[in-house]
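Written below as structure tokens is the structure these notes are about.
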Number of protein chains: 2
Amino acid sequence: MKDVAARAGVGLKTVSRVVNEEPGVTPDTAARVQAAIDALGFRRNDSARLLRTRRTASVGLVLEDLADPFYAALSRAVEDVARSHGALLFTGSSAEDPRREQELVLAFCARRVDGLVVVPAGDDHRYLLPEIAAGVATVFVDRPAGRLDADVVLTDNAGGTREGVAHLIAHGHRRIGFIGDQPGIHTAGERLRGYREAMASAGLKVRPEWYAMGPTTPERVEAALDAMLGGAEPVTALFAGNNRVTVTAVRVLAGRPERIALVGFDDFELADVLDPAITVVAQDAPGIGRVAAQQLFRRLDGIVTDGASRTELPVRLIERGSAEFPPQQ
Amino acid sequence: MKDVAARAGVGLKTVSRVVNEEPGVTPDTAARVQAAIDALGFRRNDSARLLRTRRTASVGLVLEDLADPFYAALSRAVEDVARSHGALLFTGSSAEDPRREQELVLAFCARRVDGLVVVPAGDDHRYLLPEIAAGVATVFVDRPAGRLDADVVLTDNAGGTREGVAHLIAHGHRRIGFIGDQPGIHTAGERLRGYREAMASAGLKVRPEWYAMGPTTPERVEAALDAMLGGAEPVTALFAGNNRVTVTAVRVLAGRPERIALVGFDDFELADVLDPAITVVAQDAPGIGRVAAQQLFRRLDGIVTDGASRTELPVRLIERGSAEFPPQQ
DNA sequence: CTGAAAGCGCTTACAG
DNA sequence: CTGAAAGCGCTTACAG
């Protein structure tokens, strides 16, 4: 910029005015400056600009795994909102590791992002207190923060699961299994709660081998299914706690003789083309991303200044065939 | 930092030394500085640091759509490589709009990212020349840049398609259709070329209604299929040019009486669980992301300094049942 | 309409 | 071992 000013024979401020299209420059001077800019190939350094401006026009997004379809859809929605507000997006995957999440979040804060959208891993996010105090707007998404009062946007996990399990009960099922994600994950716990509540309010007992929580690896899902189907009172229906579990359950059940009714939490591509097509409790991945990002920018723009908000988005039961039949045993 | 220095009664440079864990500070002074840091809740501003250092330790990733499973997997691989090099990742979706791509890329460059990984949209990337000249390392991925000589990492699109079409021919098919993405997209053109070459080398003619290029919307794919199946010489097999097309083709074919052999380019989740399971030419999405990012850092670290490289990753034909039968008409 | 000075929050190159 | 000065590339607040 100094070079441009020198070449055009003007002051730094005049160059700045031209670059930022500020008024109050004679066309003549402006043209001279522009010529110098072109000749020197000058490109404004936004990092320097933002240092002075004290806004970085960037947002950090931390989630579990960028490659998971649910989070991929969520990311895209956050990106679109950020773009519409002129902000760039840093992204990072925590891989469900609280330490890695913290590293990412603090790295973003050290770059002085204006705000954060975080799918929290772990159960203690007090490490964010100094950052929030320093003015970093933060919205949690998909799960609430641990030990921290902050904005959160999530799906009605317990209610959605109640609806799905009640759907199975309405079709005559009494012995219903539930396979969920690791118990420490908030959504997993909420969905388990929904399952228990639906069973209880129908007056149904729940045997210990009917529900299983843990990593969503094929091996574990298969083992859990074996236990549910092999016991004294085998289940006739299964509620799958997330789309990873559903996909594996479909694969495992395809190789088994029993015909088990299935409802999955979270929709997934091709669920409608499978045979049978899979009935799901669909959540709105782009929706929660969009709502979270909008809340973030409402805070950044000072439109919202009150205490932490909690937004719960509804789910939608989509009947496709995998659950709409009575017990087969 | 100034406040910390004042409170600890030391110079700025000493605070800098403590913050960066540089040697040459007495434990006593270090402790005093650390106390001031804690008391004031000081957090280093990396943006300022990087302004001085002239490295931003960040990389920009521009792709078509963060929510597409192929690009989501690619992104995650790029992210992992970036992390292992201590760099943060900016991401943005071009939505296949060259103008939007350019906006994103130039915005990243204005932040002075160290490097770029770009899935190019459009056919002219000369707008990047000044940036590359200014030292921004750039690697293209999935498709080569237009009118620009730069590193590129891609899948063997023509070869993979030849292999897939030859597979159909080997099972006795002679009338084979091809549905691809918009003709302006490099991968789409290459795959069409592979289709033509495979047909030609088997001495088979290609009727105009047997191939169709365009947006991968369900409507268009269905219309193209109708044309292929309704003509005087209906196809007995289809090669789907990408996973969006394959998914729609599966859906459309499920509602039709004909039994059409199908091979898809690019694998997708649940392809193995469909009935029939879908035979695909699988490309390695994380692989091309990883290789591209590694090439980027080799340039950034000065390990590679020679001219533009072109890396082509092999594909893998996975036989699953949708293509392993003779013509049904 | 234009520009010199000060400053954003750090690090570099140097001297003590 | 420690620190004052200059500078990274820009903008702000001001004066002319």
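This one's a predicted model, so the numbers in the text were calculated from it and none came from an experiment. Below, read A as the first sequence line, B as the second, and so on, with proteins coming before strands; counting in each chain starts at 1.
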Legend entry - Glu21(B) and Arg44(B) ion-paired at < 4.0 Å: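 No salt bridge links Glu21(B) with Arg44(B).
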Legend entry - Check: Phe108(A) and Val136(A) side chains under 4.5 Å, non-hydrogen atoms: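 Not touching, per the 4.5 Å side-chain cut-off.
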Legend entry - Check against salt bridge (charged side-chain N to carboxylate O under 4.0 Å, His left out), Glu79(A) and Arg83(A): CA-CA 6 Å; Glu79(A) 185 201 330; Arg83(A) 184 198 318 276; 2.5 Å; yes
Inset, instruction - Look only at the side chain of Arg112(B) and the backbone of Cys109(B), and say whether a donor-acceptor pair between them is shorter than 3.5 Å. - result: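 Pair found, side chain donor or acceptor close to backbone of Cys109(B).
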Legend entry - Dot-bracket summary - DNA chain C, pairs being Watson-Crick or G-U whose distances fall under 3.5 Å, with | when paired to another strand: |||.||||||||.|||
Using a heavy-atom cut-off of under 4.0 Å over every strand shown, decide if [X] touches base, sugar-phosphate, or nothing.
X	result
Ser47(B)	nothing
Val19(A)	nothing
Asp46(A)	nothing
Arg44(B)	sugar-phosphate

Legend entry - Reference residue Leu296(A); test side chain to side chain contact (heavy atoms under 4.5 Å, CB included); the match among Thr138(A), Val117(A), Val141(A), Val304(A): Val117(A)
Legend entry - Opening and closing nucleotides of DNA chain D in contact with chain B, under 4.0 Å to non-hydrogen atoms: dC1(D) to dG9(D)
Legend entry - Distance (rounded to the nearest 0.5 Å) between Arg290(A) CZ and Arg76(A) CZ: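 Interatomic distance, Arg290(A) CZ to Arg76(A) CZ, rounded to 0.5 Å: 12.5 Å.
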